[in-house]
Amino acid sequence: SASADPSATNAVLVAPHTEIGAPVVRITALRKSFGELEVLKGIDLDVMRGEVVAVIGKSGSGKSTLLRCINGLEVFQQGSLVVDGKPLLHESALAMRELRQRVGMIFQSFNLFPHLSVGRNVMLAPRLVKKRKAEENEARARQLLERVGLAEKFDAMPDQLSGGQQQRVAIARALAMDPAVMLCDEITSALDPELVGEVLRVVESLAEEGMTLLMVTHEMGFARKVADRVIFMHQGRVHESGTPEAIFGAPQTPELKQFLSSLH
Ligand code: ADP
Ligand code: MG
């Protein structure tokens, strides 16, 4: 259990599937095409346990496709992808199911099940996939909703919530599966500006508590503050990577310099 791990500061959230020092995600020479269009042109990327990696880059550079490959939503043509010590094999339905249990993903659109209450949204996958007992499942769902500041919304329906609240439910729902890594794809892009902060604060707290995070974000201030490492993608490649200080403070390539100046 999580409590056995001294590095897990919050046993509620951190599922230490992977050994300390081992990559939770290991991507090697990954190539992905849609027909003739090669979108990922050989990606190498390791995400270590507890690491927060921000992915930045222009629209169309392949950021979402990379995340979608990692949780098995896209089939890739070449290279290898190992998540939590297990290779991703599209040929095996069982392996794919196991993969989806180890990878949490949060999207720009919150994707809550509209006909299910907030509590049921959080409880559904653990009940169906993990066969978690009803009582334990509900207790955990309540705990996670409290964690994202929505304890009182257990019985509310998604359409009664603000966008920021719905996104926080989506985070609680992803956490309910005890993912080894959480993938976030521009999770604040669809929110009204005044709701962005509440979602980022939850993500920041996850980062502080040791969750492994790979997040595509337009929030450069947030990336700078929270990320251990920043990856700049350009035309399907990791064009530049480094600490936030290096990437934002001393960009090396003309492409990154241009991207950063285009943001102002
Ligand atoms: P980003 O998230 O960085 O904006 P994407 O990964 O969404 O980039 O897209 C990268 C490229 O792949 C774009 O040229 C996009 O049009 C193309 N692409 C993405 N998904 C598909 C798809 N399902 N079919 C065909 N082309 C796609
Ligand atoms: Mg995208």
Side-chain angles (χ1 to χ4, degrees), residues 25-47 52-81 83 88 90 96 99-100 103-112 163-164 166-167 170-171 174 179 181-193 195-196 199-200 203 212-224 226-227 229-242 244 247-248 251 253-264:
V25 178
R26 166 155 280 183
I27 301 167
T28 312
L30 182 74
R31 287 177 177 270
K32 159 75 187 168
S33 303
F34 294 104
E36 299 281 273
L37 179 70
E38 193 175 39
V39 171
L40 300 178
K41 300 173 182 168
I43 303 281
D44 295 294
L45 175 65
D46 282 355
V47 182
V52 177
V53 177
V55 182
I56 63 172
K58 270 197 298 200
S59 177
S61 58
K63 306 179 300 293
S64 293
T65 303
L66 177 63
L67 260 53
R68 292 169 59 81
C69 284
I70 298 170
N71 81 342
L73 288 172
E74 298 286 357
V75 178
F76 54 89
Q77 282 80 24
Q78 278 185 57
S80 82
L81 224 162
V83 176
L88 198 165
H90 287 279
M96 289 306 292
L99 171 83
R100 294 236 169 78
V103 178
M105 185 145 175
I106 313 164
F107 302 88
Q108 183 175 330
S109 51
F110 328 119
N111 295 334
L112 297 180
Q166 288 187 51
Q167 195 60 299
I171 293 171
V181 57
M182 189 81 95
L183 310 177
C184 303
D185 194 356
E186 296 187 12
I187 63 171
T188 58
S189 296
L191 296 176
D192 292 336
L195 302 178
V196 168
V199 172
L200 294 184
V203 176
T212 308
L213 286 167
L214 182 59
M215 55 182 192
V216 175
T217 185
H218 286 325
E219 302 283 343
M220 297 302 150
F222 182 70
R224 190 168 194 150
V226 174
R229 193 151 52 103
V230 181
I231 302 290
F232 169 60
M233 283 188 64
H234 181 69
Q235 297 183 351
R237 292 191 173 85
V238 176
H239 200 73
E240 199 169 327
S241 72
I247 291 292
F248 296 115
T253 60
E255 292 78 9
L256 177 55
K257 286 176 189 168
Q258 211 232 321
F259 172 72
L260 292 175
S261 62
S262 75
L263 301 172
H264 307 303

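All values reported here derive from a predicted model rather than from experimental measurement. As the structure lists them, so they are numbered: ligands from 1, and atoms in each ligand from 1. Excluded from the calculations below are hydrogen atoms, water molecules and symmetry mates; all remaining heavy atoms, backbone and side chain alike, are included.
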Undergrad: Which pairs would a plain distance check flag for residues 64-71, meaning a side-chain donor or acceptor within less than 3.5 Å of a matching protein atom at least two apart in sequence or in another chain?
TA:
unit_1 : atom_1 : unit_2 : atom_2 : d
S64    : OG     : D185   : OD1    : 3.4
S64    : OG     : D185   : OD2    : 2.6
R68    : NE     : E74    : OE2    : 3.0
R68    : NH2    : E74    : OE2    : 3.2
N71    : OD1    : L73    : N      : 3.4

Undergrad: I'd like to check V196 versus F222 (side-chain heavy atoms, cut-off strictly below 4.5 Å). Are they in contact?
TA: no
Undergrad: Sort and list the pairs that fulfil salt bridge (charged side-chain N to carboxylate O under 4.0 Å, His left out) and have at least one residue in residues 231-241, not counting sequence neighbours.
TA: none
Undergrad: Does M182 reach the side chain of V203, with side-chain heavy atoms less than 4.5 Å apart?
TA: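 Of all side-chain heavy-atom pairs linking V203 with M182, none is under 4.5 Å.
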Undergrad: For a 4.5 angstrom cut-off between non-hydrogen side-chain atoms, does H239 reach I231?
TA: no
Undergrad: Are any of the side-chain heavy atoms of H234 and F259 separated by less than 4.5 Å?
TA: no
Undergrad: Report all N/O contacts between ligand 1 and the protein shorter than 3.5 Å as a table of atom names and distances to 0.1 Å; if there are none, say 'none'.
TA:
unit_1   : atom_1 : unit_2 : atom_2 : d
ligand 1 : 2 (O)  : S64    : N      : 2.9
ligand 1 : 2 (O)  : S64    : OG     : 2.9
ligand 1 : 3 (O)  : S61    : N      : 3.2
ligand 1 : 3 (O)  : S61    : OG     : 3.4
ligand 1 : 3 (O)  : G62    : N      : 3.1
ligand 1 : 3 (O)  : K63    : N      : 2.9
ligand 1 : 3 (O)  : K63    : NZ     : 2.8
ligand 1 : 4 (O)  : G60    : N      : 2.7
ligand 1 : 6 (O)  : T65    : N      : 2.9
ligand 1 : 6 (O)  : T65    : OG1    : 2.5
ligand 1 : 8 (O)  : G62    : N      : 3.2

Undergrad: Taking C-beta and beyond as the side chain, do F76 and L40 meet within less than 4.5 Å on heavy atoms?
TA: no
Undergrad: Using 2.8 Å as the cut-off, note every protein N, O or S atom close to the Mg ion (ligand 2).
TA: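 Within the sphere that stays under 2.8 Å of the Mg ion (ligand 2), the protein atoms of type N, O or S are S64 OG.
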Undergrad: Compare every heavy atom of A223 with every heavy atom of P244, then report the nearest pair and how far apart it is.
TA: CG-O, 4.1 Å
Undergrad: Can you see which heavy atom on I106 is nearest to which on A170, and at what distance?
TA: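 I106 and A170 have their closest heavy atoms at CG2-CB, 4.2 Å.
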